[in-house]
Amino acid sequence: MKPFSFGKNERIKEKKLFEKLYTSGKISFSSNKKIKAVYFFVEDSNAVFPKVAVAVSKKAGNAFWRNRVKRLLREAYRLNKLPISSFCKEKKKRLFIILSPFLFNQKEHKTIGYIDVVPGVQEILSAIIRNEDK
RNA sequence: CGAUCAAGUUGGGCAAUUGCUCUCCGCUAUAGGCGGGGGGAGGAAAGUCCGAACUCCACAGAGCAAAGCGCCGGAUAACGUCCGGGCAUUAAUUUAUUAAUGACGGAAAGUACCACAGAAAAGAUACCUCCCCGGUGUAAAUCGGAGAAAGGGUGAAAUGGCAGGGUAAGAGCCUACCGCUCUAAAAGUAAUUUUAGAGGUUCCUUUAAAGGAAGUGGCGCUUUAGCGCCAUCAAGGCAAACCCCACUUGGAGAAAGGUCAAAUAGGAAAGUUCCACGCCACGGCGUGGCGAGGCUGCUCGCUUUGAUUAGCUUUCGGGUAGACCGAUCGAGGGUUGAAGUAAUUCAACUCCCAGACAAAUAAUUGCCGUGGCGCUUUUGGCGUCAUUACAAAAUUCGGCUUAUAGACUUGAUCGUCUU
RNA sequence: CGGAACGUAGCGCAGCCCGGUAGCGCACUACCUUGGGGUGGUAGGGGUCGCAGGUUCAAAUCCUGUCGUUCCGA
């Protein structure tokens, strides 16, 4: 596995998994309330890498803006996933995450860049590790 | 030269690293794996407003309903689109041209509506007024009768306009010009245009957009004179009110539709009910072996039992999850030539150019280009800042509509400077 | 991807079909009633009818375009 890849088997694609996450997952926010994450852990010694999805509400903006947010969130995860994947490897757990923007829409942030997103994602990923480690 | 507005064109390029997606080749050997080559958003991909392709369902034929469309001709697979022509409106000036815009058939087929004001809002009218006759009165005026609708007034709109004649006052009552209708000829495929000709009378009846008589004009018959037929100027607006006429349209949509098909439940069919042999009235019965249970510490032995509105096995059909197809080579793009005023069409050569499905085009950086500002300042060079708008395929095409930074082109308006 | 409805006063709605006056309830303001408040009564203010264009003498109403909101279909 390459260190910065983000292929199809690292994403959540099954509808049932989404339902399970939204009904029984834990929720955490970044400190500026811009980004929300829904996640839970499963004991599994075979598949060690986490699975991630990105979801944007239809009310946040138009199609162009939503696509842009999804790409930036994916990029942020891709470049910052090393600590969390190694954590999963140690604990022999499988992690599922859904990343979403929260209190973050097109009207207030018409043009957004990579820098607007990265700190929130880093913060959330480290928070997930901290909470599970306790 | 600058600013603003409107319309149109364009919607930066090359490279590196890390990633994503499709595809081809190779390796591993079947998994969303590894390596290499190649492709990878737009002018609107948007809104989903029209028209088609494609798919399934329905369908003898005709009509009605409903919806849409509407000057004429052409283009097209088709269109509410495009091109050309006509007409109308508006603007500008050159006053007959240019530009822009136009849901641009029918209001003498019928029904409805037209607030307020006004006599009257559409077959019937008369407030002020004009005029004549008669009565009263010195007169002003007023009453009764008859005529008129020119002028005033109301209104968005008042029953063709305008000028002259005419008259008691008026009136297409008469005349000229304009308008309108009809007929004929010419130009044009047609819409339409041009030219020529004709058409404005009086009276009567009557719940009345009618009818009759006379007159005038034309045509035909015929015998000078008559007979017959046709015409003899109003029709307010509104059809983006109902409607009439002409034309078009079967319905649903890729969540269309097709192929393969797990598990569970249910449906249909066949086989089987521990095995072998024998008997049989075909339901079973007997003997031996086999499995399971019981008696027992174990073996032998004895004994019970081997399920029938059911179970098991196999097959079939429908079909869910899921997978695959539909799916990207097409009314396709580019270049050149030909036809046509043009939309567009034809021919030759050439190219292959996204195909996902919780949904791929991203992040970071460099150079060039472009634009602004400053310095230097003839071409130019240097520094610095920005590289930004709108907005991302989802079956595919043809249009329409709307959104758009900067640059470029054209036009209009305003301002400044020079001549 | 396909389909439907709604935008009118601070809030909730009527008026639109069939065009001429924008109205109702709550809220708001003033006054009366009360010793004061509430209740009750009287009077009043407040609306570019989402936006733009068109038809018409006249548009919230008819037509076209556009913006926004909400809902439905696996």
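Lettering of chains follows the sequences in order, A, B, ..., and the numbering in each one begins at 1.
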Does a nitrogen or oxygen in the side chain of A:Asn62 sit under 4.0 Å from OP1 or OP2 of B:A46?
->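 Indeed not, no polar side-chain atom of A:Asn62 lies that close.
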When you measure from the side chain of A:Arg78, which nucleotide among B:G19, B:A362, B:A391 comes out closest?
->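 Side chain of A:Arg78 sits closest to B:G19.
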Against the side chain of A:Tyr114, the closest entry in B:A391, B:A362, B:U364 is B:U364
Starting from C1' on B:G43, measure out to CZ on A:Phe64 and report it in whole angstrom.
-> 15 Å
Is there a Watson-Crick or G-U wobble partner for B:U129 with both distances under 3.5 Å, and if so, which one is it?
-> B:A148
Given that both distances must come in under 3.5 Å, which nucleotide forms a Watson-Crick or G-U wobble pair with B:A65?
->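 Base-paired to nothing in any strand shown.
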Out of curiosity, A:Glu10 CD to A:Arg78 CZ, how far, rounded to the nearest 0.5 Å?
-> 10.5 Å
Look up atom CZ in A:Phe102 and atom CZ in A:Phe29, then write down how far apart they are to the nearest 0.5 Å.
-> 4.5 Å
Encoded 5' to 3' (Watson-Crick or G-U under 3.5 Å; [ ] crossing; | other strand), RNA chain C becomes (((((((..((((......[..)))).(((((.......))))).....(((((..]....)))))))))))).
What interatomic distance, in whole Å, is found between P of B:C113 and the corresponding atom of B:A122?
-> 9 Å
Of all residues at least two apart in sequence or in a different chain, which pass the side-chain contact (heavy atoms from CB on, under 4.5 Å) check with A:Ala37?
-> A:Ser28, A:Ile97, A:Leu99, A:Ile124
Per-nt protein contacts along nucleotides 354-359 of chain B (heavy atom under 4.0 Å; B base, S backbone sugar-phosphate only, - none) come out as ---SBS
